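As the structure is a prediction and not an experimental result, all values here were calculated from the model. Below, chains carry the letters A, B, ... as their sequence lines are ordered, and counting in each starts from 1.
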There are 2 protein chains.
Amino acid sequence: MTTKQRTTKQRTAILEALAEQEDFRSAQQLHDDLRSAGQAVGLATVYRNLQALAAGGQVDVLVTDDGESIYRQCAEEAHHHHLVCRECGSTVEFQAPELEEWTRAIAAAHGFTDVHHTMEVFGLCPEHEAGEAPSR
Amino acid sequence: MTTKQRTTKQRTAILEALAEQEDFRSAQQLHDDLRSAGQAVGLATVYRNLQALAAGGQVDVLVTDDGESIYRQCAEEAHHHHLVCRECGSTVEFQAPELEEWTRAIAAAHGFTDVHHTMEVFGLCPEHEAGEAPSR
DNA sequence: GAAGACATGACAATCATTCTCAGGAGCCGG
DNA sequence: CCGGCTCCTGAGAATGATTGTCATGTCTTC
């Protein structure tokens, strides 16, 4: 099950790049980051590793509204959710025991089993809460 | 803000196609559906109208794991969530007042403003809850 | 019925992501 | 330490969904 995986310097580099990041980053951003850092890693490699890491639960994935996948190395190992600033991308992790229970209850009420859910919260962090409607 | 919109037969056709559907459909699926139904509508038009309808709150949009946008005409006008069977795609709508409040609370606790959230639940509906691990 | 405004449709253009394939680098037994 | 085999990497091509372009069609209003 646990697909055999080697320890290559590219993989290590990617993990380190993720470790230095607070925010969610797209594969492409990460690729740029690595380039800038002098670590020339192929784009395809970044994608492959990111997927592998995500599959192994070592990083969290989110799909943005426009269908881009973004990755982040999270502090919590356990299931948790995110509060993300839609301007600067800064992220707060939080857990929601009530939500979990509550979800289970709703699912059960409709006879659904083997449930899992996605829930993310987007907003403006204290630093960006100004009342203007900028870019989009 | 309310962009002026005409009543064209294409738009009508799209709405009808959506009305006949219980499940979420992608733009391309809808396009095919229309084609099959004899209503030859341009793909670009389907995309445009879907977006317009979504913006106007007349249809709901969901972004799948692989970044595809899927649309559905929902019964509820108000904000609500979905419980979707990952085998057959059948969907149950539900509201979650507690969740809404609760989300606001968490956001506030971290100083976030202008918050909105996404939350969808996936599972196996009563008809598919068998213990086998089929396709994927 | 005519003019102007917006919608449509076919196709090109984008963009993120995946595939392909040749060359390179870990890992294991000797 | 060496050979060999397998997995990984990297560059670019290929894919697939979505968006842009622009000439033409169709409402609406007068």
* Structure fact -> dist B:Glu98:CD -> B:Thr103:OG1 (nearest 0.5 Å) comes out at 11.0 Å
* Asked: So what does B:Asp66 hit on the nucleic acid, given a heavy-atom distance under 4.0 Å: a base, only sugar-phosphate, or nothing?
  -> nothing
* **Spacing between A:Leu50 atom CG and D:dG10 atom C1', to the nearest angstrom** => 16 Å
* Base, sugar-phosphate, or nothing for B:Gln29, non-hydrogen atoms under 4.0 angstrom? -> nothing
* Indicate whether any N or O donor in one side chain lies under 3.5 Å from an N or O acceptor in the other, for B:His31 and B:Gln39. => no
* Asked: Looking only at N and O atoms, is any donor in the side chain of B:Arg48 or the base of D:dG20 less than 3.5 Å from an acceptor on the other one?
  -> no
* Grab the CD-P distance between B:Gln28 and D:dT19 for me, whole Å please. => 11 Å
* Please give, in whole Å, the distance from C:dC15 P to A:Asp65 CG? -> 19 Å
* Determine whether the aromatic ring centres of B:His82 and B:Phe122 lie less than 6.0 Å apart. => no
* When all nucleic acid strands are considered with a 4.0 Å heavy-atom cut-off, which category describes A:Ser26: base, sugar-phosphate, or nothing? -> nothing
* So do the side chains of A:Val84 and A:Val121 get within less than 4.5 Å of each other, counting heavy atoms only? -> no
* To do: Could you tell me whether B:Thr8 contacts a base, only the sugar-phosphate backbone, or nothing, with contacts defined as non-hydrogen atoms closer than 4.0 Å?
  => sugar-phosphate
* To do: Let me know the distance between CZ of A:Arg6 and C1' of C:dC27, rounded to the nearest Å.
  => 6 Å
* For B:Leu43 and D:dT18, give me the distance from atom CG to atom C1', rounded to whole Å. => 8 Å
* A:Glu68 has an atom CD; how far is it from atom P of D:dT18, in whole Å? -> 15 Å
* Roughly, in whole Å, what's the span from CG in B:Leu15 to P in C:dA7? -> 14 Å
* To do: With the side chain of A:Tyr47 defined as its heavy atoms from C-beta on, choose the nearest nucleotide among D:dG20, C:dA16, C:dC27.
  => C:dA16
* **Atom pair CZ (B:Arg25) and OH (B:Tyr71), whose distance is rounded to the nearest 0.5 Å** => 14.0 Å
* Nearest to the side chain of B:Gln51, which nucleotide is it out of D:dT9, C:dA10, D:dT18? -> D:dT18
* Want to settle it: does B:Ser69 or B:Gln10 sit nearer the 5' end of DNA chain D, counting the closest nucleotide to each? -> B:Ser69
* Asked: How do B:Gly67 and A:Thr45 order along DNA chain D: which one's closest nucleotide is nearer the 5' end?
  -> A:Thr45
* To do: Mind calculating the distance between NE2 (B:His31) and C1' (D:dG16) to the nearest angstrom?
  => 15 Å
* **Comparing A:Ala27 and A:Lys9 on DNA chain C - which has the more 5′ nearest nucleotide** => A:Ala27
